[in-house]
Enquirer: 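Mind having a look at this structure? Questions to follow.
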Amino acid sequence: MTRHYRRCAWALALAAACLAPAAQALEIKLPQETAKLRPGATAGAQGASLCLMCHSVDYVSSQPPMPLGFWDAEVKKMIGTYGAPIPAEQVPLIVEYLNQAYPPAASAAATPKP
């Protein structure tokens, strides 16, 4: 019985020793964001700044040109799947802004063939 208590005491001491360094806070200083969202002529430009709660401007800007339906699905996915706190009335404005500021590429079908 005494041997059992010694094992428990040893295990508790080891666990406490391992947890002690974790109690200290780690401070990380991130560089200041210098990129900016592309200017937009729509009211959604301000709403799109809500995306920056989770994404960097560089991440948004690096997305390939996509059609309106893509941006609509992406914004709705961020809200439904990831819980982005974006008001419902902002969704169409943000989608319109993203489509205008980061427009879809010219489709291959629109290019005349020789």
Side-chain angles (χ1 to χ4, degrees):
M1 191 78 134
T2 305
R3 194 172 1 156
H4 178 68
Y5 287 121
R6 275 189 255 163
R7 283 187 196 164
C8 288
W10 175 252
L12 287 173
L14 181 61
C18 291
L19 291 177
Q24 296 176 350
L26 178 63
E27 187 176 326
I28 299 173
K29 184 164 172 91
L30 298 174
Q32 185 174 347
E33 181 78 70
T34 57
K36 295 186 180 354
L37 286 171
R38 292 181 186 166
T42 68
Q46 186 174 10
S49 65
L50 294 171
C51 302
L52 304 181
M53 287 186 285
C54 300
H55 300 295
S56 70
V57 174
D58 288 328
Y59 181 78
V60 175
S61 298
S62 70
Q63 298 306 305
M66 293 297 201
L68 186 65
F70 170 83
W71 290 120
D72 185 59
E74 281 299 295
V75 172
K76 289 176 179 172
K77 178 177 75 175
M78 294 302 141
I79 296 167
T81 304
Y82 299 110
I86 297 173
E89 66 274 2
Q90 288 290 316
V91 172
L93 299 173
I94 293 170
V95 169
E96 181 183 345
Y97 163 76
L98 291 170
N99 191 60
Q100 182 260 328
Y102 303 94
S107 70
T111 306
K113 295 184 180 182

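Note: hydrogens, waters and symmetry copies are ignored here, and every other heavy atom, side chains too, is used.
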Enquirer: To check you understand the geometry: which heavy-atom pair defines the closest contact between Pro103 and Pro65, and what is its length?
Expert: O-CB, 2.9 Å
Enquirer: For the residue pair Ala48 and Tyr97, what are the closest heavy atoms and their distance?
Expert: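 That closest heavy-atom pairing would be CB-CD2, 3.4 Å.
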Enquirer: Just how far is it from atom CD1 of Ile94 to atom CD of Gln46, taken to the nearest 0.5 Å?
Expert: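 The CD1 atom of Ile94 sits 10.5 Å away from the CD atom of Gln46.
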Enquirer: What distance do Lys36 atom NZ and Ser61 atom OG have between them, rounded to the nearest 0.5 Å?
Expert: 12.0 Å
Enquirer: Run the side-chain donor-acceptor check on residues 67-79: report pairs under 3.5 Å with partners two or more places apart or on a different chain.
Expert:
residue : atom : partner : partner atom : Å
Trp71   : NE1  : Met66   : O            : 3.4
Trp71   : NE1  : Tyr102  : O            : 3.4
Asp72   : OD1  : Lys76   : NZ           : 3.4
Asp72   : OD2  : Lys76   : NZ           : 3.1
Glu74   : OE2  : Lys77   : NZ           : 3.2

Enquirer: Give me the atom names and distance for the closest heavy-atom approach of Leu37 to Ala45.
Expert: CD1-O, 4.4 Å
Enquirer: Please report the shortest heavy-atom distance between Met53 and Pro85, naming the atom on each side.
Expert: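 For Met53 and Pro85, the tightest heavy-atom pair comes out as CE-CG, 3.5 Å.
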Enquirer: Same cluster for Tyr82 and Leu98 if Ile/Leu/Val/Met/Phe/Trp/Tyr side chains link at under 4.5 Å?
Expert: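 Tyr82 and Leu98: separate clusters.
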Enquirer: Can you list the residues that meet the side chain to side chain contact (heavy atoms under 4.5 Å, CB included) rule with Pro87, with sequence neighbours excluded?
Expert: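 Side chain to side chain contact (heavy atoms under 4.5 Å, CB included) list for Pro87, sorted by chain: Leu50, Glu89, Gln90.
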